[in-house]
Amino acid sequence: MLDRKFILENIELIKKNCENRGVKAEVDRFVAVDEQRKKLQAQVEELNRQANVVSKSIGQAKDPAERDARKEEGRKLREQTQAAQAEVDALGVEAEQLQRRIPNLSHPAAPVGVDDQSNLELFRGKTPPPAFDFQPLDHVELMKKHDMVDFEAGAQVAGHGFYFLKNDAVLLELALQQYAVHALLKEGFTPITTPDLARNDILEGIGFIPRGPETQIYSIENSDLSLVATAEITLGGMLAGQILDAGTLPRKYCGISHCFRTEAGAHGRESRGLYRVHQFTKIEMFAFTLPEDSEAMLDHLRDLECRLFDGLGVPYRVVDTATGDLGGPAYRKFDLEAWMPGRGEFGEVTSTSNCTDYQARRLDIRYRVKGEKGTHFVHTLNGTAIAISRGLIAVVENYQQKDGGIIVPEALRPWMGKEKIAVSV
RNA sequence: GGAGAGGUGGCUGAGUGGUCGAAAGCGUCGGUUUGCUAAACCGAUGACCGGGAAACUGGUCCGCAGGUUCGAAUCCUGUCCUCUCCGCCA
C-alpha cells in the first residue's frame with residue numbers, strides 16, 4: 001500500500017504507473033472519496049468539541065435544572081456526532097479499499113510493458129546449456145524411469161497437481177535444501193522453519209488475496225487461516241506490528257516452508273509434471289532493510305540466486321521483470337529462468353523482489369533510529385533460494401546422460417552420498 | 001478440550017465513571033558538575049489526523065469491535081491474543 005498523502009500529492013504519477021502495470025485502480029475515485037471523508041471528519045470534530053465542552057460543564061453545574069438542561073444538550077450533540085461519524089467511517093473504508101488496490105511504484109529502470117513479453121534479459125549464468133548427442137527426456141519421463149515420482153498416486157490421494165516424490169528424488173530434495181540453507185548461513189541469514197498456515201490479514205498484508213474467484217490461496221474452512229503460497233508470507237508476517245531498532249537492520253532470514261497454490265486458471269503445457277503443482281517445498285530468502293539499503297539488498301539476493309544455480313551447474317538467464325508482470329507489492333523484480341531441456345526453453349525457477357515499504361505499511365513494520373524522533377517503515381525484500389519442484393526439473397533434465405542415468409551435481413554429492421543416479425537393470 | 005489470570009506510552013508498571021493522554025521507575029534527549037568515561041543533580045520526552053507562517057490549537061487513540069452514559073482506560077457484551085495449571089497427543 002502506498003502512503004495516502006503521497007498518492008494525493010502525485011496523482012498523475014500514480015495513474016501513469018497503474019497504466020504501465022496494466023492495473024485498473026480507481027485513483028480519481030480514491031481522491032474524491034478521501035476529500036469527502038476529510039470534509040466530513042472536520043464536521044465530526046467540531047461536534048465532538050462542542051460535546052466535550054458540554055460534558056465538562058456538567059460536572060461544574062450548580063443546580064439540578066441546569067444540569068439536566070446540559071445533559072439534554074450533550075445527548076443531542078452525541079446523536080449528531082454518531083450519525084456523521086458513521087458516514088465518515090463508511091467513506092474511510094471505501095477509501096482504504098481503493099488505496100490498497102493501487103500497486104507499488106515501479107523502479108525507473110524496470111522495462112515498461114504490460115506482460116512478460118516485455119521482460120528484459122540481463123545476462124546468462126556460467127554454465128552453457130548442455131549439448132546432447134541424444135534426444136533428451138523431460139523430467140517426467142526421466143523421473144519415472146528412475147521411480148522418483150508418482151503422479152498417479154498423487155492424483156488418487158489429493159487430485160491433479162499433487163505427487164509423491166520417491167527414492168532419489170527425496171534425497172535430491174533434501175540435498176537441495178541442505179545446499180541452499182548452508183550457502184545462506186554463510187551469508188548471515190537466520191534459518192527459520194515457518195508455519196505452513198497464516199492468518200488472512202497477514203496474507204493480505206503481504207499482498208495476497210485469500211478469498212475470491214481468482215484466488216491462488218487455499219483457505220481453511222471455518223477459520224481465518226489459509227495455507228501459505230510461500231514463506232514470504234510467514235517471514236514478513238513474523239515481524240508484523242513491530243518497531244525495530246535501526247541498528248538491527250538489515251535482517252536476513254532464510255525460511256523453509258511448504259507452498260500451496262490453487263493455480264486457478266493455469267492449464268496447458270506448463271502444467272505437465274512438476275512445473276506447476278499445488279504443493280512444493282521452498283527455501284525462501286527474506287530481508288528487512290533501511291529504505292536506503294533495499295536496492296543494494298535486491299542485487300545481493302539476485303546475486304545469491306545466481307551463485308546457487310551456478311554452483312549447481314544449471315544454465316540460466318536473468319530477466320528484469322516488466323512493469324505489467326510485477327504484481328502489486330513489487331517495486332522491482334528479477335527472475336532467474338533455468339534452461340529446461342525437456343521443454344527446450346527457459347522456465348522460471350526463482351524470483352526476487354524489492355517491495356520497498358509497500359508490505360511494511362500494510363503489516364505495520366517500522367524502525368526507529370536511536371536518538372531520532374518517530375518511526376519509519378522498513379523495506380522488505382524476498383527471493384527464492386530454491387523451489388524444490390522446479391529445481392528438481394532443472395537438475396535432472398540438465399544432468400541426464402545418454403545411458404539414461406543422471407549425474408549428481410558436485411555441490412549436492414555431500415548430501416546425496418552418490419555421484420550418479422544410475423539406471424537399474 | 002477444561003479451569004484460572006492478564007492485555008495500558010520505547011520498556012516495566014499504577015490507575016474502577018468527570019480534575020487521566022494517563023502516576024512512578026527505566027530508557028532516550030538537553031543541561032550542570034567532572035582530566036575522559038561513569039555516577040549524581042536539573043529539565044524535556046507518546047502516536048496519528050486536521051487548522052495555523054509561527055506561537056499555538058481542535059480531534060482521535062489505554063488489544064480489537066460493539067453497548068451503557070451528558071461523560072469510559074475504568075461498567076457491560078462479543079472477539080482476538082498472551083500466560084499459568086489440568087487433560088489429550090506427535
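Within every chain, numbering begins at 1; the chains are lettered A, B, ... in the order of the sequence lines, protein sequences first and strands thereafter.
Only the C1' atoms considered, B:G17 is 45 Å distant from B:C88, to the nearest whole Å. For B:U28 and B:C80, the P atoms lie 39 Å apart once the distance is rounded to whole Å. Nucleotides B:A14 and B:G7 have their C1' atoms positioned 15 Å apart, rounded to a whole Å. For the C1' atom pair drawn from B:G87 and B:G10, the interatomic distance equals 40 Å after rounding to whole Å. Here, B:C62 and B:U74 have their P atoms 8 Å apart, quoted to the whole Å. B:U45 and B:A23 are spaced 11 Å apart, taking the P atom of each and rounding to whole Å. Between the C1' atoms of B:A54 and B:A40, the separation comes to 38 Å (whole Å). Of the P atoms belonging to B:U33 and B:C42, the separation is 16 Å, rounded to the nearest Å.
Between A:Arg368 and the phosphate of B:A47, there is no side-chain N or O to OP1/OP2 separation shorter than 4.0 Å. Taking side-chain N and O atoms only, A:Arg199 has a distance below 4.0 Å to OP1 or OP2 of B:C81. Taking 4.0 angstrom as the limit, A:Asn52 places none of its side-chain polar atoms (N or O) nearer than this to OP1 or OP2 of B:G18. For A:Asn48, no side-chain nitrogen or oxygen approaches OP1 or OP2 of B:G58 to under 4.0 Å.
Here the P atom of nucleotide B:G50 and the CD atom of A:Glu46 are 18 Å apart, to the nearest Å. Straight-line distance from the CD atom of A:Gln242 to the P atom of B:C81: 17 Å, rounded to whole Å. The separation between A:Arg37 atom CZ and B:G59 atom P is 18 Å, rounded to whole Å. In this structure, A:Leu47 atom CG and B:G71 atom C1' are separated by 16 Å, rounded to whole Å.
No side-chain N or O of A:Asp357 forms a donor-acceptor pair with one of A:His379 less than 3.5 Å apart.
Among residues at least two apart or in separate chains, ring pair (Phe, Tyr, Trp, His ring centres under 6.0 Å) pairs with a member in residues 171-198 of chain A are A:His182-A:Trp415.
Looking only at side-chain heavy atoms (C-beta outward), A:Ile421 and A:Val408 come within less than 4.5 Å of each other. A heavy-atom distance below 4.5 Å is found between the side chains of A:Ile192 and A:Met238. Inter-residue side-chain proximity for A:Glu284 and A:Thr384 is flagged as met; some heavy-atom pair is nearer than 4.5 Å.
Both cation-pi conditions hold for A:Arg343 and A:Tyr275: the charged atom is under 6.0 angstrom from the six-membered ring centre and inside a 45 degree cone around its axis.
Within the nucleic acid shown, A:Arg4 comes within 4.0 Å of sugar-phosphate atoms alone, with no base atom in reach, counting heavy atoms only. Using a 4.0 Å heavy-atom criterion, one finds that A:Lys5 contacts the sugar-phosphate atoms exclusively.
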Could you list the donor-acceptor pairs under 3.5 angstrom formed between side-chain atoms of residues 87-97 of chain A and any protein atom two or more places apart in sequence or on another chain?
from: A:Asp89; atom 1: OD1; to: A:Gln85; atom 2: NE2; distance (Å): 3.0
from: A:Glu94; atom 1: OE1; to: A:Arg29; atom 2: NH2; distance (Å): 3.3
from: A:Glu94; atom 1: OE2; to: A:Arg29; atom 2: NE; distance (Å): 2.9
from: A:Glu94; atom 1: OE2; to: A:Arg29; atom 2: NH2; distance (Å): 2.6
from: A:Glu96; atom 1: OE2; to: A:Arg100; atom 2: NH1; distance (Å): 3.3

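Taking A:Phe334 as the reference, nothing meets the ring pair (Phe, Tyr, Trp, His ring centres under 6.0 Å) condition, with sequence neighbours excluded. A:Asp147 is linked by a salt bridge (Lys or Arg N to Asp or Glu O under 4.0 Å) to A:Lys166, counting only residues two or more places apart in sequence or in another chain.
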Under the 3.5 Å Watson-Crick or G-U criterion, the dot-bracket string of RNA chain B, with | for inter-strand pairs: ((((((((.[[[..)..(.....]]]((((((.......))))))((((((....)))))).[[[[[..)....]]]]])))))))....
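Distances were taken from every side-chain heavy atom of A:Ile58 (C-beta onward) to each of B:C81, B:G50, B:C70; the shortest belongs to B:C70. Taking the side chain of A:Arg49 as heavy atoms from C-beta on, and the options B:G58, B:G50, B:C70, the nearest nucleotide is B:G58.
The base of B:G58 lies close enough to the side chain of A:Glu45 for a donor and an acceptor atom to sit less than 3.5 Å apart.
For A:Phe164 and A:Phe162, the ring centers are positioned 6.0 Å apart or more.
Using a 4.0 Å cutoff on non-hydrogen atoms, the parts of residues 75-87 of chain A near RNA chain B are A:Arg75, A:Arg78, ordered by number.
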